[in-house]
**Student:** 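Starting off with a structure, shown below.
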There are 2 protein chains.
Amino acid sequence: MIKMSESRNLTHYLVNELGSAIVKGDYSIEDGLPSEAEICERYEISRTATREAVKMLSAKGLIVSRPKKGITIQAKEKWNMFDTDVLNWILMSTPSLESLRDFTQLRLAIEPEAASLAAKTANESDIKRIETALFRMRKAEEGLDDALDADIEFHSSLLLASQNPFFIQLRSFIETALRVSIRFTNQLKGVPTANFSDHNAIFLAVVARDPEKAHAASRKILIEALDLIEHQL
Amino acid sequence: MIKMSESRNLTHYLVNELGSAIVKGDYSIEDGLPSEAEICERYEISRTATREAVKMLSAKGLIVSRPKKGITIQAKEKWNMFDTDVLNWILMSTPSLESLRDFTQLRLAIEPEAASLAAKTANESDIKRIETALFRMRKAEEGLDDALDADIEFHSSLLLASQNPFFIQLRSFIETALRVSIRFTNQLKGVPTANFSDHNAIFLAVVARDPEKAHAASRKILIEALDLIEHQL
DNA sequence: TTGAATATATTGTATTATATATAGTATGTT
DNA sequence: AACATACTATATATAATACAATATATTCAA
């Protein structure tokens, strides 16, 4: 049996193998995946585990399996990009400036609106959470905390403060994408580490209950990042 | 065996049963779901099909299953709200003004930004597609086409024109939510059917390659809808 | 009280058998 | 020849059984 020490179990191992292979483009849409039987052979895994992996991948929108037709790959538009597994596979397989831009464009849609909502509806514990993250960012500037973790926590806490379940659910998405794409942003010349005062401006606007200002402050950060990326393209 | 004529197969039937039950709150987070064995008994289904359903639900972030611990329900924040199945279950089980507001707030984040992108990057076929949808909306005003379908197609075609895979993936999300929530919007007094000229304004801005105007036109529609909803709350 | 050994319940994996759905082929009728 | 019907082969769908791995709970000794 193949090494799979990293994975929780055989099914998850296979989900990862097939999922990343599909996203990488190892299987064409016309040909689809090999049949269940072939997958079993190739990975030396029972049909039970194989079928469970297939079910998980079809639940994520990557594939569809039908009797006689076999396992076919879905059009990219059907993939659940907001599933953290799928997103991970995509970012890992094709870590490009284009996908970084796509991701930042989405953040530009989401985060200013979330900041605006937060300024309207954040409660005390929400605000305290944002403040804590901001404090971590300040310490990170002095090298006393991890800059990426602090940055993620800040943006995540703002989404949480929006009180909107859809925005809240995007926290894991943002976290995943930030973690993967950080290597690229770091390689862009002149990309500053997350600027404390810019982030502080969002916090102050939220505390002041000023949605427009919070929106603008959040937008400022992301527009700068986006300009930088598009300048490189 | 239980009636399941609607479903493609046993596994999908069970996924639907359990998924909607979980979302509805039939199982508490502390107690979790019954064990595999119990589910088999209760639904008179083999363990194979049961396990495959469990795998699909865990792929959607609803549950986690571990040896000896059984099947536990994930915190709501882990659920893949952007999975159309999950979204459907949520909207069907608790079709409230609150969730309609949450959904519209998300649209307010996404759609104006998508319209702005569309104005920048839409190609000829994108524009033609938007125009076609707009034409359907006009005909719908005269009762010659389905108003909801036309409306959905319009907003969907704008997302597609953004050329951003994340926005494009949200098409199925928007479609699902619009289809479910339409019953409520229709019940709100004074809610007009989708206004043709407002939608036309977006189209014209895209054709004119004016991102700001496209953004504003899209935002106008959604702000109006949101105000109406919040007025009712 | 603590900690290690053990029992036990639950999911994980494998195997075999049968059922069902469907693309493709053959057959037969008009 | 055209078209509908029936048949066949094949892949997935379902079931049943057996055993393995794992983590909780219990027991018992130090």
Side-chain angles (χ1 to χ4, degrees), chain A residues 1-19 22 27-74 78 85, chain B residues 1-19 22 27-74 78 85:
Chain A
M1 188 177 300
I2 299 161
K3 54 165 179 171
M4 49 150 292
S5 43
E6 324 106 50
S7 241
R8 272 229 321 289
N9 56 36
L10 270 182
T11 301
H12 281 83
Y13 160 77
L14 191 55
V15 165
N16 261 296
E17 286 289 311
L18 294 178
I22 290 169
Y27 301 101
S28 70
I29 289 195
E30 312 90 63
D31 300 342
L33 251 63
S35 69
E36 284 181 4
E38 276 183 71
I39 295 175
C40 296
E41 272 186 34
R42 190 172 304 179
Y43 289 91
E44 298 180 61
I45 286 175
S46 78
R47 225 184 122 202
T48 310
T50 300
R51 280 184 60 81
E52 285 173 6
V54 166
K55 288 295 175 187
M56 291 191 78
L57 288 171
S58 70
K60 291 176 189 297
L62 293 191
I63 58 179
V64 156
S65 94
R66 287 193 180 291
K68 181 71 186 178
K69 288 189 77 171
I71 303 166
T72 54
I73 296 174
Q74 287 266 55
K78 300 279 188 69
D85 287 335
Chain B
M1 188 177 298
I2 300 160
K3 52 166 179 168
M4 47 151 294
S5 43
E6 324 107 51
S7 241
R8 271 230 321 287
N9 55 37
L10 268 183
T11 302
H12 281 82
Y13 160 77
L14 192 54
V15 165
N16 261 296
E17 286 290 311
L18 294 177
I22 290 168
Y27 300 102
S28 69
I29 289 196
E30 311 90 62
D31 299 343
L33 250 62
S35 68
E36 285 180 4
E38 274 184 72
I39 296 175
C40 295
E41 273 187 34
R42 190 172 306 177
Y43 290 91
E44 299 180 58
I45 287 176
S46 77
R47 216 181 135 201
T48 309
T50 301
R51 280 183 58 82
E52 285 173 7
V54 166
K55 289 295 175 187
M56 292 191 79
L57 288 171
S58 68
K60 291 175 188 299
L62 293 190
I63 58 178
V64 156
S65 93
R66 290 193 179 290
K68 180 66 189 180
K69 288 190 76 173
I71 303 166
T72 54
I73 295 174
Q74 288 265 55
K78 299 279 187 68
D85 287 334

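All chains are named by letter (A, B, ...) in the order of the sequence lines, taking the proteins before the strands, and each is independently numbered beginning at 1. Below, all heavy atoms of this structure are taken into account, side chains as well, without hydrogens, waters or symmetry copies. Source: prediction; values computed, not measured.
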**Student:** Testing the basics here: between A:Lys60 and B:Ala59, what is the closest heavy-atom pair and its distance to 0.1 Å?
**Tutor:** NZ-O, 3.2 Å

**Student:** Within this structure, what is the OH-to-C1' distance between A:Tyr43 and C:dT13, rounded to whole angstrom?
**Tutor:**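 Rounding to the nearest Å, OH of A:Tyr43 and C1' of C:dT13 are 18 Å apart.
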
**Student:** With no angle test and no hydrogens, is the base of D:dA16 tied to the side chain of B:Ser46 by a donor-acceptor pair under 3.5 Å?
**Tutor:**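 Result: no qualifying N/O pair found.
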
**Student:** Please report, rounded to the nearest Å, how far the P atom of C:dA14 is from the CZ atom of A:Arg51.
**Tutor:**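 Atom-to-atom, A:Arg51 to C:dA14, this comes out as 15 Å.
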
**Student:** Need one value for A:Thr48: base, sugar-phosphate or nothing, where a base atom within 4.0 Å counts as base even if backbone is also close, heavy atoms only.
**Tutor:**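 Answer is base: heavy atoms of A:Thr48 come under 4.0 Å of a base.
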
**Student:** Would you kindly give the CG-to-C1' distance between A:Asn9 and D:dA20, to the nearest whole Å?
**Tutor:**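 These atoms are roughly 13 Å apart.
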
**Student:** Can you figure out which of D:dT12, C:dA14, C:dG12 approaches the side chain of A:Leu10 most closely?
**Tutor:**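 From the listed options, C:dA14 comes nearest.
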
**Student:** Starting from C1' on C:dT10, measure out to CG on B:Leu33 and report it in whole angstrom.
**Tutor:**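 The answer, rounded to whole Å, is 14 Å.
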
**Student:** On a plain distance test, is the side chain of B:Arg66 in donor-acceptor contact with the base of D:dA21 below 3.5 Å?
**Tutor:** no

**Student:** Would you kindly give the CD1-to-P distance between B:Ile71 and D:dA23, to the nearest whole Å?
**Tutor:**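 The answer, rounded to whole Å, is 16 Å.
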
**Student:** In terms of the nearest nucleotide of DNA chain C, which residue is placed more toward the 5' end: A:Arg47 or A:Lys68?
**Tutor:**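 Going by which nucleotide is closer to the 5' end, it is A:Arg47.
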
**Student:** Looking at the side chain of B:Ile45, which of D:dT24, D:dT14, D:dA15 is the nearest nucleotide?
**Tutor:** D:dA15

**Student:** Output the rounded distance in Å from CG (A:Leu14) to C1' (C:dT13).
**Tutor:** 13 Å

**Student:** Are side-chain heavy atoms of A:Leu33 and A:Ile73 found at a separation under 4.5 Å?
**Tutor:** yes

**Student:** Quick check: do A:Tyr43 and A:Leu18 have side-chain heavy atoms less than 4.5 Å from each other?
**Tutor:**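 Of all side-chain heavy-atom pairs linking A:Leu18 with A:Tyr43, at least one is under 4.5 Å.
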
**Student:** Is any side-chain nitrogen or oxygen of B:Ser35 closer than 4.0 Å to OP1 or OP2 of C:dA9?
**Tutor:** no

**Student:** On DNA chain C, check which nucleotide each of A:Lys69 and A:Ala49 is closest to and give me the residue with the more 5' one.
**Tutor:**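 It is A:Ala49, whose closest nucleotide lies nearer the 5' terminus.
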
**Student:** Measuring to OP1 and OP2 of C:dG12, would you say a side-chain N or O of B:Ser65 lies under 4.0 angstrom away?
**Tutor:**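 For C:dG12, OP1 or OP2 has a side-chain N or O of B:Ser65 closer than 4.0 Å.
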
**Student:** With a 4.5 Å limit on heavy-atom distance, are the side chains of B:Ile39 and B:Glu36 in contact?
**Tutor:**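 B:Ile39 does not reach B:Glu36 side chain to side chain.
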
**Student:** Between atom OH in A:Tyr13 and atom P in C:dA14, what is the gap in whole Å?
**Tutor:** 12 Å

**Student:** Judged by atom type as modelled, is there a donor-acceptor pair below 3.5 Å linking the side chain of B:Thr72 to the main-chain atoms of B:Val64?
**Tutor:**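 At least one qualifying donor-acceptor pair exists.
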
